[in-house]
Amino acid sequence: MTKTHAIAAPSPGAPLERTTIDRRELRGDDVRIDIAFAGICHSDLHQAKEDWGSAIFPMVPGHEIAGVVSAVGDGVTKYQVGDRVGVGCMVDSCGECEYCEAGTEQFCVKGNVQTYNGVGFDGENTYGGYSQQVVVKDAFVCKIPEGIGLDVAAPLLCAGITTYSPLHHWGAGPGKKVAVVGLGGLGHLAVKIAAAMGAEVTVLSQSLKKQEDGLRLGAKHYYATSDENTFKELRATFDVILNTVSAKLPIDSYLSMLRVGGAMVNVGAPGEPLAYNAFSLIGGNKVLAGSSIGGIAETQEMLAFCAEHKIGAEIEVIPADKVNEAYDRVENSDVRYRFVIDTATIGQ
Ligand code: NAP
Ligand code: ZN
């Protein structure tokens, strides 16, 4: 075991604090990563507060990890010391079921092993990226292409793939009108990625406060959902609505903005149930869908796409002692547009 500095939530909803954790000795297929940056995803808040049900404590959140390989196991051929790499939401899966074979490890029938708040197939709890080192099976490590800084790349490992995957799947591209609901961590990357795919992008935000940013990031239009006229004006407009909101929304109002056959895809994951009227779908053959992160191969594809299109996250880099403040700001939609922890500050 190797000790590493980390930031942990000791119990549900408690402020995060500095601690040390153990990382396992390298197995044959393991990669040790010196973490440089870890993004703060709203999923970290949901889990640290047990919005999604009971969780494992102490919890070291963090599934947007970017760093440099510092050691590899005997059997690792894909990575070498010094490689720039990232880890997202999963660190293992069975590798044998139909979903793993199809490259969609997130749907592993045995259950994928989450990067934190999970239990490995060895029975050990997993601890995430708010730490200085992590040991991960090589198959769950991605290469970060040259040309993207590790700090702006970290959020791509969750927010990037979670938006790239449904945009790709639902055909965002030239001639398609895509709305992104919520301009936060996921939302701002969704705008950049959908615009790079060639779609005509509209941001639907609670207010017009971030309008200038939304347009700079690649949106053509920007509306406030606090204004009832927005829903009237945009009736039957969109091919795809990507909902990145971390809270409950009036789904019927959003479905009314879809064209016939259009799809509203939820990636936002509030703890409370979302309700809709059956006729909101029936009256237009509309689709209400969900999307869960993305597989490892697709994550690598997304990183290549982002490198090609010069897409990184818009970030605010923070030291370890600002994490609780950052959590409050994320909770209050006061983030532009991803907090990233400089993990070098954790041990100081
Ligand atoms: P975030 O940075 O906090 O962004 C969420 C945005 O939603 C906010 O910036 C805000 O945008 C909007 N919003 C927040 N509260 C709202 C409310 N009450 N009503 C309307 N809009 C509201 O969060 P994130 O990190 O992007 O994550 C977003 C959600 O996706 C979370 O629930 C997270 O758990 C989930 N998630 C899911 C997956 C998956 O695989 N499906 C993966 C990662 C994350 P405006 O200020 O522009 O309105
Ligand atoms: Zn996440």
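Just so it is clear, the values below take in all heavy atoms, side chains as well, and ignore hydrogens, waters and symmetry mates. Whatever order the structure lists them in is the order used to number ligands and atoms, beginning at 1.
Classified by interplanar angle (parallel below 30°, tilted 30° to 60°, perpendicular above 60°), the ring pair His168/Tyr164 is parallel. Ring orientation note: the planes of Phe107 and Tyr99 are nearly perpendicular, at an angle over 60° on the 30°/60° scale.
Residue Ala247 touches ligand 1 through its side chain alone, judged by heavy-atom distances below 4.0 Å. With a 4.0 Å heavy-atom cut-off, ligand 1 is reached by no atom of Val203. Proximity of Trp52 to ligand 1, defined as any heavy-atom pair under 4.0 Å, is confined to the side chain (atoms from C-beta onward). No part of Lys248 comes within 4.0 Å of ligand 1, judged by heavy-atom distances. Contacts between His46 and ligand 1, counted as non-hydrogen atom pairs separated by less than 4.0 Å, involve the side chain only. Only backbone heavy atoms of Thr244 (N, CA, C or O) come within less than 4.0 Å of ligand 1; its side chain stays farther off. Using a 4.0 Å cut-off between heavy atoms, Ser207 makes no contact with ligand 1 at all.
Of the N or O atoms in Gly187, none lie within a sub-3.5 Å distance of an N or O in ligand 1. Residue Gly182 places no N or O, backbone or side chain, under 3.5 Å from any N or O of ligand 1. Note: an N/O pair closer than 3.5 Å links Gly185 and ligand 1 by distance alone. Backbone and side-chain nitrogen or oxygen atoms of Pro270 are examined, and none is located within less than 3.5 angstrom of a nitrogen or oxygen of ligand 1. Residue contacts with ligand 1: Tyr222 is placed with no nitrogen or oxygen under 3.5 Å of a nitrogen or oxygen of the ligand (distance criterion only). Inclusion of Val267 in the set of residues having an N or O under 3.5 Å from an N or O of ligand 1 is warranted. Between His42 and ligand 1, a contact under 3.5 Å exists for at least one N or O pair. In terms of polar-atom proximity, Leu186 is counted as a contact of ligand 1, with an N or O under 3.5 Å from an N or O of the ligand.
Close approach of ligand 1 to Cys158 (heavy-atom distance below 4.0 Å) involves ligand atoms 42 (C), 43 (C). Those atoms of ligand 1 that come under 4.0 Å of a heavy atom in Ser205, given as number and element, are 45 (P), 46 (O), 47 (O), 48 (O). Within the listing of ligand 1, atoms 40 (O) sit less than 4.0 angstrom from a heavy atom of Ser292. Below 4.0 Å from some heavy atom of Ile293 lie the following atoms of ligand 1, by number and element: 39 (C), 40 (O). Using a 4.0 Å cut-off to heavy atoms of Leu249, the atoms of ligand 1 that qualify are 20 (C). Of all the atoms in ligand 1, the ones that sit under 4.0 Å from a non-hydrogen atom of Val330 are 3 (O).
Remark: the Ser226 side chain and the Gln206 side chain contain no N/O donor-acceptor pair separated by less than 3.5 Å.
Coordination check, Cys158 versus the Zn ion (ligand 2): passed, since an N/O/S atom of the residue sits under 2.8 Å. Taking 2.8 Å as the threshold, His63 counts as a candidate ligand of the Zn ion (ligand 2), since one of its N, O or S atoms lies below it.
Lys143 NZ: more than 12 foreign heavy atoms inside a 6.0 Å radius. Counting heavy atoms of neighbouring residues, nucleotides and ligands inside a 6.0 Å radius, atom CZ of Phe57 exceeds 12 of them.
A side chain to side chain contact (heavy atoms under 4.5 Å, CB included) with Tyr130 holds for exactly one of Thr343, Ile65, Val60; it is Val60. Screening Val180, Leu234, Asn243, Leu242 against Leu204 for a side chain to side chain contact (heavy atoms under 4.5 Å, CB included) leaves a single residue, Leu234. With Asp239 as the partner, the salt bridge (Lys or Arg N to Asp or Glu O under 4.0 Å) test is satisfied by one option alone out of Lys286, Arg259, Lys176: Arg259.
Taking the ring centroids of Tyr254 and Phe231, they lie under the 6.0 Å cut-off.
Arg338 places no side-chain N or O within 3.5 Å of a backbone atom of Gly39 that could act as its donor or acceptor partner.
With atom 33 (C) of ligand 1 as the reference point, the heavy atom nearest to it among Ser43, Cys41, Ser333 is part of Ser43. Nearest-heavy-atom check against atom 20 (C) of ligand 1 across His188, Arg338, Gln206 picks out Gln206. For atom 4 (O) of ligand 1, the candidate residues are Ser165, Gly184, Cys89; the nearest heavy-atom contact is made by Gly184.
Between Glu314 and Arg216, at least one side-chain N (NZ, or NE/NH1/NH2) sits under 4.0 Å from a carboxylate O, which counts as a salt bridge.
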